[in-house]
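These figures come from a predicted structure and were not determined experimentally. Order of the sequence lines fixes the chain letters, A, B, ..., with proteins taken first and strands second; residue numbering starts at 1 for each chain. The figures here come from the full heavy-atom set of this structure, side chains too, leaving out hydrogens, waters and symmetry mates.
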Number of protein chains: 2
Amino acid sequence: MKPSNLPSRIERLKTIQEASDLDAFLFTSASSIKWLSGYFYNFETGPSPFQLLPAALLIVPEKTMTLIIADNESLTTPIKGSEVSIVPYASYVFEKPLDHTHQFLSKLDEVLQENDLRQSRIGIEQCTIPHVVTGSIRINYPKNELVDISSQVTNLKMIKDPDEIEFIRAACNLCDIGQAVLLEHPLVGMTELELFTLVRSEMEASAGMRVPMMADMVSGQRTSTGGGNPTNKVIQKGDLILSDITPCLNGYWGDSCNTVAAGKATSQQLKTFTSVEKTLEMGIKAIRPGARAKEIDSIMRKNISGIPHHGGHGIGTMYHEEPRIVPYNDTILLPNMVIAIEPGIYEKDYGIRLEHLIVVTETGCDVLTKFQHCFEINN
Amino acid sequence: MKPSNLPSRIERLKTIQEASDLDAFLFTSASSIKWLSGYFYNFETGPSPFQLLPAALLIVPEKTMTLIIADNESLTTPIKGSEVSIVPYASYVFEKPLDHTHQFLSKLDEVLQENDLRQSRIGIEQCTIPHVVTGSIRINYPKNELVDISSQVTNLKMIKDPDEIEFIRAACNLCDIGQAVLLEHPLVGMTELELFTLVRSEMEASAGMRVPMMADMVSGQRTSTGGGNPTNKVIQKGDLILSDITPCLNGYWGDSCNTVAAGKATSQQLKTFTSVEKTLEMGIKAIRPGARAKEIDSIMRKNISGIPHHGGHGIGTMYHEEPRIVPYNDTILLPNMVIAIEPGIYEKDYGIRLEHLIVVTETGCDVLTKFQHCFEINN
C-alpha cells in the first residue's frame with residue numbers, strides 16, 4: 001500500500017481510527033467493501049449458497065488492506081493507488097461437503113494473526129457482520145475489542161473521490177439512455193413490463209452486461225402512489241408514465257426520474273408538470289458549498305406543499321445515502337457530495353416526479369444526468 | 001396457529017426443537033423466512049438502506065409465529081394453515097433521521113417479552129443473524145442461550161410440502177417459457193444480451209412481474225467454460241449456445257439448461273449432445289425413493305468421465321440445496337425431494353450441458369420442467 005497515492009476516503013479513515021482509538025477495521029457490508037477496495041459483489045441473484053459473506057475487508061491503516069473473498073468470485077479492479085492483498089477461501093466444491101463458513105473463518109483467523117491483531121480494537125459494521133464471525137473472533141482472541149463504526153462510515157461516504165464521481169457519472173449515462181427510450185417509442189398499447197424491457201435492454205447493451213436495477217415504472221392511476229414495479233398493465237392513451245430509473249453499474253448507483261404523458265396531457269397535468277419542473281430547477285439552483293441540506297429541501301417544499309417523501313438524498317455505493325435532503329438535516333453541503341433531487345406532486349388520479357443527479361462543485365453544482373425532462377411526446 | 005392444519009415443515013421443526021432442547025426459533029435468512037412464513041423478500045435490488053434485515057421470524061412451537069418486517073414492505077400471502085402475526089417496525093421516514101436498526105431491535109425485544117423468552121434456549125441461524133441482533137439479546141436477556149441450528153434446517157428443507165412443490169412447478173413453467181424462446185427465434189446475429197432480453201421478457205410477461213433470475217447465457221468458445229453472464233458478443237453461425245435459466249418466482253427457484261446449435265452442428269458436437277442427453281436420461285431414470293444421492297451421481301459419471309461439477313442438486317428457497325447429487329453424498333432419496341440433474345461435457349472449444357428439475361415421488365420421479373432438449377434448430 002502506498003499511502004501517498006491513496007484516495008482521500010482511505011486517508012480519511014484515520015479520523016475514525018483516531019476518534020475511536022482503533023488498530024484496524026473489518027468491513028463486511030458490500031457497499032463499504034466496494035467503496036474501499038473496488039470489489040463489487042453483484043447482489044442481483046441473492047445470497048450465494050457457496051459463500052458466508054459477499055467478502056470481508058481488513059484494513060490496518062498505513063500497513064495492509066486484505067480482501068477475503070470466495071474463490072469462485074472474480075475480482076473487479078481494485079481502486080487506484082491501493083495495494084489490496086486478495087485472500088481467497090474455498091467456496092464451491094463438489095468432491096466434498098460445502099464448508100465455506102469454516103473456510104472463511106480460518107482465513108480470517110490467519111489474517112488477524114498475520115497482522116498481529118490479538119489484543120486490539122477493531123472497528124466493525126455491526127449490522128452486516130454475522131454473529132458467527134464476531135463469535136469466532138471472541139473465542140480465538142478474547143482480548144480483541146469490537147467497536148461499531150457504522151454511523152461514522154456513513155458520514156465519511158458523503159464526500160466522493162474523483163474515481164467515485166466517474167463511476168456515478170457512468171451510471172448516470174445509463175440513466176440517460178434509459179430515459180431516452182420513453183421518448184423514442186410509441187407508448188400507448190405497450191405494457192409497463194414491455195416498456196421496462198426496452199429501457200433495461202438499451203441500458204444493458206450499453207453497459208455490455210447485466211445491470212442490477214431498481215425501477216418505478218408505472219402508468220395511469222398508479223402514478224398517484226409515486227411508484228412501483230412494472231406489471232402487465234397496458235398503457236392507455238392519456239396515461240401518465242412515471243419512470244424512476246436507478247441502475248447500479250459496477251457497484252455505484254445512478255438515479256433519475258421523468259414523467260411523460262402517453263398522448264395529450266390535460267391542462268391541469270401540464271400545470272402540475274411545470275410546477276414540479278420549476279421546483280426541481282429551484283432546488284438545483286440552491287445547491288452550493290455552504291448551503292444546508294434542509295435549506296434545499298425547504299426551498300422545494302415552499303413551492304410544492306405536501307411532498308410525501310424526501311426532497312432528495314445522497315447516493316454512491318447505496319442508492320440512498322447521506323446527506324438526505326430532508327426537513328431536519330443540518331448537514332452543510334461540501335464539494336464532491338453527490339445528491340439526487342426529486343420533487344413530486346401526487347394528485348388523486350395521477351402523480352408527477354422529476355429527478356436529476358447532481359455533484360456539488362467548488363462554486364455551485366453540476367448536473368450529472370443529462371437527459372431533458374419532457375412531458376408531452378409525440379406518440 | 002392451528003397445529004392440525006400446519007404444513008409438515010412446521011411440524012417437523014419439532015425434531016430440531018427436541019434434539020437441541022429449544023424453547024423457540026429466531027430465523028433471519030430470507031430463505032428460511034420464505035420457507036416457513038411465506039414472506040418473500042426480493043433481493044434483486046440489493047440490501048435496503050431502510051432495513052436492518054429482510055425480516056425476522058420468531059417461532060414458539062405450538063404457540064406463536066411472529067414476523068417482524070419493515071413497515072415499507074408489502075406482505076406476500078403467508079402459508080396456508082398457519083397464523084403468522086405481523087409486527088411492522090418503522091423503516092423509511094423523512095421527517096426525522098432513519099432509525100430502523102433501533103426500531104427493529106425494540107420490536108424484537110417486545111416480541112421476546114410477550115413470549116416470555118427471558119431464560120430460554122433459542123435456535124438461531126448464525127451465518128445470517130447480525131452481530132447487533134445477538135448483542136442486543138445478550139444485553140437485554142443475558143440468561144438466554146443462542147444455539148445454531150443452520151445445518152439441521154438445511155436437512156429439514158430437503159423434503160418439500162405440497163405447496164412448495166406448486167411454487168417450484170410454477171418456477172419450472174417459467175423455465176419452459178424461457179427455453180422455448182431459443183427455439184423460436186433466429187439466433188445468428190443476435191447478441192447474447194439480446195437473446196437474454198427476449199428470454200427474460202417472455203418469462204416476466206408470463207409472471208406479470210419482474211423475476212429475479214440467474215442465467216448462464218453464453219455462446220461459442222465460452223460454452224467450453226460451462227457458463228457466465230450474457231454479453232454483447234454476437235452469436236455466429238455454428239456457435240453453440242448454453243442457456244441455463246434459473247428464475248426465482250415468489251421465493252422459489254426453478255432451474256433448467258439446454259444447449260443449442262446456431263446453424264448446423266458438427267458431427268462431433270452432435271455425438272457429445274447425444275451422450276449428455278443419454279446421461280441425463282439415465283440419471284433421471286435412477287431417481288426413486290431409496291436410491292442414494294451418490295448413486296445417481298455415479299451413474300452419470302460412469303457414462304461421462306470428468307464432469308467438472310456436481311451431477312445435480314436440491315433446490316427450493318435457495319437455488320442450491322441438499323441433497324447435493326455428488327460423489328460423497330450418502331443421503332437416501334425420499335418422496336417430495338426436488339432435485340436438478342445437470343450433466344455436462346466441456347471440450348476445448350465448446351461445452352454442452354442439459355438439465356431438468358425433478359420431484360421424487362412414492363414410486364419414482366416426475367420431471368417438473370416440461371421443455372424438450374433440442375440441439376439443432378432451424379435458424
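Ring centroid separation for the pair A:His309 and B:Tyr92 does not come in under the 6.0 Å cut-off.
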* To do: Show your reasoning for whether side-chain contact (heavy atoms from CB on, under 4.5 Å) applies to A:Thr246 and B:Thr45.
  => CA-CA 9 Å; A:Thr246 311; B:Thr45 55; over 6 Å; no
* Does the pair B:Gln51 and B:Phe104 meet the rule for a side-chain contact (heavy atoms from CB on, under 4.5 Å), with working shown? -> CA-CA 8 Å; B:Gln51 300 184 198; B:Phe104 171 88; over 6 Å; no
* To do: Evaluate the side-chain contact (heavy atoms from CB on, under 4.5 Å) criterion for residues A:Ile149 and A:Phe27: first the C-alpha distance (whole Å), next the side-chain angles of each, then the deciding distance (0.1 Å), finally the verdict.
  => CA-CA 10 Å; A:Ile149 53 159; A:Phe27 292 96; 3.9 Å; yes
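At a 4.5 Å heavy-atom cutoff, the contact between B:Ser48 and chain A is made by backbone and side-chain atoms alike. Contact annotation for B:Pro97: both backbone and side-chain heavy atoms come within less than 4.5 Å of a heavy atom of chain A. Of the two parts of A:Leu105, neither the backbone nor the side chain holds a non-hydrogen atom closer than 4.5 Å to a non-hydrogen atom of chain B. Residue contact with chain A, scored on non-hydrogen atoms closer than 4.5 Å, is absent for B:Leu53. Of the atoms belonging to B:Leu193, it is side-chain heavy atoms, and not backbone ones, that fall under 4.5 Å from chain A. Within the 4.5 angstrom heavy-atom criterion, no atom of B:Tyr41 approaches chain A. For B:Ile137, no part sits under 4.5 Å from any heavy atom of chain A, backbone or side chain. For B:Thr101, the part sitting under 4.5 Å from any heavy atom of chain A is the side chain, from C-beta outward, and nothing else.
The side-chain heavy atoms of A:Asn229 and B:Met209, taken from C-beta on, include no pair separated by under 4.5 Å. Between A:Ile296 and A:Ile341, the closest side-chain pair of non-hydrogen atoms falls below 4.5 Å. In this structure, A:Ile68 and A:Tyr89 have side chains that are in contact, with non-hydrogen atoms separated by less than 4.5 Å. At a threshold of 4.5 Å between non-hydrogen side-chain atoms, the residues A:Val133 and A:Ile124 do not count as touching. Here the side chains of A:Val153 and A:Lys157 are in contact, with some heavy-atom distance below 4.5 Å.
Chosen from B:Phe94, B:Phe43, B:Phe50, the residue pairing most often with chain A at heavy-atom distances under 4.5 Å is B:Phe94. Taking B:Cys248, B:Ser31, B:Gly46, B:Ala207 one by one and counting their heavy-atom pairs under 4.5 Å with chain A, the maximum is reached by B:Gly46. Here B:Val93 is the residue among B:Val93, B:Leu146, B:Thr28 with the most heavy-atom pairs under 4.5 Å with chain A. The most heavy-atom pairs under 4.5 Å with chain A, out of B:Pro47, B:Pro212, B:Cys127, come from B:Cys127. Top candidate by heavy-atom pairs under 4.5 Å with chain B, chosen from A:Lys96, A:His320, A:Arg210, is A:Arg210. Listed options B:Glu95, B:Glu194, B:Arg200, B:Met213 were ranked by heavy-atom pairs under 4.5 angstrom with chain A; first place goes to B:Arg200. In terms of heavy-atom pairs under 4.5 Å with chain B, the best-connected choice from A:Pro308, A:Ser29, A:Ala30, A:Gly135 is A:Pro308. With respect to chain B, the highest number of heavy-atom pairs below 4.5 Å among A:Pro327, A:Gly208, A:Ala215 belongs to A:Gly208. For the set A:His131, A:Met318, A:His310, A:Gln126, the count of heavy-atom pairs under 4.5 angstrom toward chain B peaks at A:His131. Of all the listed residues (B:His313, B:Glu322, B:Met214, B:Glu321), the one sharing the greatest number of non-hydrogen pairs under 4.5 Å with chain A is B:Met214.
Considering only residues two or more places apart in sequence or on other chains, A:Thr231 meets the side-chain contact (heavy atoms from CB on, under 4.5 Å) condition with A:Glu192, A:Arg222, A:Lys233.
Side-chain contact check for A:Glu125 and A:Ser32: at least one donor-acceptor pair (N or O, by modelled atom type) lies under 3.5 Å.
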